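One structure below.
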Amino acid sequence: MKYYIIAGEASGDMHAANLMRSIRKGDPGAQFRVWGGDRMEAQGGTIIKHYRDLAFMGFVEVLINLRTILGNIKFCKQDIVDYQPDVVILVDYPGFNLRIARFAKNKGFKVIYYISPQVWAWKKSRVKTIRKYVDRMIVILPFEKDFYAEYGMDVDFVGHPLLDALESENIEGKAEFLRKNNLTNDPIVALLPGSRKMEVEKMLKIMLQVVPHFPVYQFAIAGVSTVPVELYERLVGSLPVKILIGQSHDLLYHADAALVTSGTATLETALIGVPEVVCYKGNRISFEIAKRIVDVKYISLVNLVMDRQVVTELIQQSLNEKNLKLELDRIINDENNRSRMLSDYGELRRKLGETGASKRAADIILSELSH
């Protein structure tokens with residue numbers, strides 16, 4: 001069968017790639033035409049647009065790039081019509097994907113949404129669009145099933161695919177990791193400044209301010225290939241900080257603590273078992289708008305799933321050198337704090353369900369296509 005899959009960022013690329021692998025096991029002749037990244041391409045997807053050309057964050061940034069976004073939507077619609085897929089699979093990325101859902105459904109294509117947009121946080125009106133234009137919604141967070149039920153929708157909870165991704169990884173031993181990256185045996189603090197260029201520039205600049213305060217620790221950045229290495233190098237300057245491209249999970253497995261930009265990476269860090277401080281600082285106007293319309297108590301997925309504060313969140317003005325130093329010191333040197341956090345991580349893993357999310361999602365999709 002022919003599958004048209006749209007993922008607009010790094011985490012979507014990873015989860016969609018694992019889904020594609022599982023689909024192929026049930027449909028060996030599967031053909032994939034995709035918007036995504038290198039991981040989806042490695043699973044046999046024909047890349048139409050790479051997510052690095054799609055990632056615009058914040059209200060202001062979206063307005064600035066509106067012409068490009070609208071051009072992408074127009075191109076995507078025509079491409080779907082030309083390809084004539086058996087199903088359109090949308091992975092998160094709601095601003096774009098909900099428009100495509102409406103179009104695809106009206107054109108008679110089957111539409112499946114894998115990884116729900118965060119409609120429970122803001123724009124709850126989008127549930128009406130989802131109910132009207134999506135044939136099947138597959139969710140990965142436990143509270144989402146109850147949320148959709150309030151709107152009369154029966155959705156499928158399959159567990160979180162991160163558990164699959166982490167379990168299937170081949171992580172190299174610490175000695176080899178240290179040798180390869182020219183690191184010492186000193187404890188490591190991982191810096192995860194995000195996956196978008198604008199985000200990295202803003203977040204890393206702040207994170208690096210704490211480096212001089214922790215001389216016995218070595219700091220390493222989890223860099224991504226979609227951000228030019230020159231940007232990392234310029235921000236690091238003369239600081240004794242390593243830049244590791246494409247080694248985020250390896251770095252986390254060998255790190256003692258982490259500073260993490262809000263997003264999927266906060267969940268990855270917790271599931272790997274690294275005490276973390278969650279950081280976020282957006283465009284001031286975008287944040288002021290978001291503050292008035294977002295209906296959640298927390299910004300990190302860790303705290304949202306647990307429905308209480310497990311990890312500290314430093315947001316906007318509270319994200320500064322003084323607070324970062326204080327909170328990093330707490331997760332490094334306060335043994336009670338560290339053990340409490342690690343215990344909470346165990347509960348978090350249990351709440352997210354068993355491994356096998358990608359296979360369960362693939363089974364649902366194949367079942368839907370057999371009707």
Side-chain angles (χ1 to χ4, degrees), residues 5-21 32 34-57 61 65 68 72 91-93 96 115 161-162 164-166 168-172 176-183 188-205 207-208 219-237 239 241-255 258-269 271-272 274 279:
I5 308 178
I6 305 172
E9 51 198 2
S11 60
D13 177 43
M14 175 174 67
H15 298 321
N18 288 330
L19 178 68
M20 289 162 67
R21 184 189 296 116
F32 300 108
V34 306
W35 293 50
D38 300 343
R39 295 174 190 243
M40 293 171 77
E41 188 170 35
Q43 289 302 318
T46 300
I47 296 276
I48 307 308
K49 292 270 185 179
H50 199 287
Y51 69 76
R52 65 171 161 256
D53 302 319
L54 306 173
F56 304 107
M57 56 179 288
E61 292 81 0
N65 293 283
T68 300
N72 284 337
V91 184
D92 200 359
Y93 196 47
F96 189 95
I115 304 181
L162 256 181
D164 295 344
L166 295 174
S168 65
E169 283 186 323
N170 184 24
I171 300 297
E172 62 190 356
E176 175 59 20
F177 172 76
L178 296 177
R179 186 198 62 75
K180 185 176 80 175
N181 293 295
N182 200 23
L183 291 161
I188 299 170
V189 175
L191 304 179
L192 282 75
S195 60
R196 304 177 182 97
K197 190 176 174 184
M198 286 184 290
E199 187 177 51
V200 169
E201 185 133 27
K202 182 167 287 186
M203 301 303 300
L204 189 54
K205 201 177 292 183
M207 291 176 174
L208 289 169
F219 286 75
I221 298 165
V224 294
S225 59
T226 50
V227 172
V229 70
E230 294 78 17
L231 174 60
Y232 294 113
E233 290 171 342
R234 175 171 61 79
L235 292 169
V236 168
L239 287 170
V241 177
K242 296 285 190 236
I243 302 164
L244 280 54
I245 305 297
Q247 298 184 65
S248 299
H249 289 178
D250 287 283
L251 172 58
L252 285 171
Y253 272 104
H254 301 305
L259 304 181
V260 187
T261 297
S262 179
T264 306
T266 63
L267 201 54
E268 292 175 272
T269 304
L271 291 174
I272 289 171
V274 185
C279 309

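These numbers were taken from a predicted model, which means no experiment stands behind them.
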Inset, instruction - Provide the closest heavy-atom pair for L166 versus E268 in the form atom of the first, atom of the second, distance. - result: CD1-O, 4.5 Å
Legend entry - Heavy-atom side-chain contact between V227 and S195 under 4.5 Å: no
Inset, instruction - Determine whether F219 and L239 make a side-chain contact, defined as any pair of heavy atoms from C-beta on separated by less than 4.5 Å. - result: no
Legend entry - K197 to P228 - nearest heavy-atom pair and separation: CD-CD, 4.5 Å
Legend entry - Donor-acceptor pair between H15 and D92 side chains, under 3.5 angstrom: no
Legend entry - Close side-chain approach of V224 and I245, heavy atoms under 4.5 Å: no
Inset, instruction - Working to the nearest 0.5 Å, report the span between CG of L178 and CD1 of I188. - result: 5.5 Å
Legend entry - Spacing of E169 atom CD and I272 atom CD1 [to the nearest 0.5 Å]: 6.5 Å
Inset, instruction - Take Q247 and N181 through the test side-chain contact (heavy atoms from CB on, under 4.5 Å) and record every step on the way to the result. - result: CA-CA 10 Å; Q247 298 184 65; N181 293 295; 3.0 Å; yes
Inset, instruction - Taking T261 for its side chain and L192 for its backbone only, find out whether a donor-acceptor pair lies under 3.5 Å. - result: yes
Inset, instruction - For L183 and F177, work out which heavy atoms get closest and say how close. - result: CD1-CE2, 3.8 Å
Inset, instruction - To the nearest 0.5 angstrom, please state how far the CG atom of L204 sits from the CG atom of L231. - result: 7.5 Å
Inset, instruction - Verify whether one side chain among Q43 and N18 offers a donor that lies under 3.5 Å from an acceptor in the other. - result: no
Inset, instruction - Indicate, with yes or no, if the rings of Y93 and W35 have centres closer together than 6.0 Å. - result: no
Inset, instruction - Quick one: do I171 and H254 satisfy side-chain contact (heavy atoms from CB on, under 4.5 Å)? Show the steps, please. - result: CA-CA 10 Å; I171 300 297; H254 301 305; 4.1 Å; yes
Inset, instruction - Kindly give the heavy-atom pair with the smallest separation between Y232 and G223, and that separation in Å. - result: OH-CA, 3.3 Å
Inset, instruction - Dump the intermediate steps for side-chain contact (heavy atoms from CB on, under 4.5 Å) on R196 and E9, then the final yes or no. - result: CA-CA 9 Å; R196 304 177 182 97; E9 51 198 2; 2.6 Å; yes
Legend entry - Distance, nearest 0.5 Å, that separates CG of L235 from CE of M203: 12.0 Å
Inset, instruction - Report yes if the side chains of K242 and V236 come closer than 4.5 Å at any heavy-atom pair, otherwise no. - result: no
Inset, instruction - Decide, yes or no, whether a salt bridge links R234 with E201 under the criterion of side-chain N to carboxylate O below 4.0 Å. - result: yes
Inset, instruction - Enter the distance from H50:NE2 to M40:CE here, rounded to the nearest 0.5 Å. - result: 10.0 Å
Legend entry - V34/I6 under side-chain contact (heavy atoms from CB on, under 4.5 Å): CA gap, chis, key distance, verdict: CA-CA 6 Å; V34 306; I6 305 172; over 6 Å; no
Inset, instruction - Calculate, to the nearest 0.5 Å, the distance between atoms CZ and CD1 belonging to F32 and I47 respectively. - result: 12.0 Å
Inset, instruction - Heavy atoms only: give me the nearest T266-G263 pair and the separation to one decimal. - result: OG1-O, 2.8 Å
Legend entry - Heavy-atom pair with the smallest gap, counting every atom of A222 and P193: O-CD, 4.0 Å
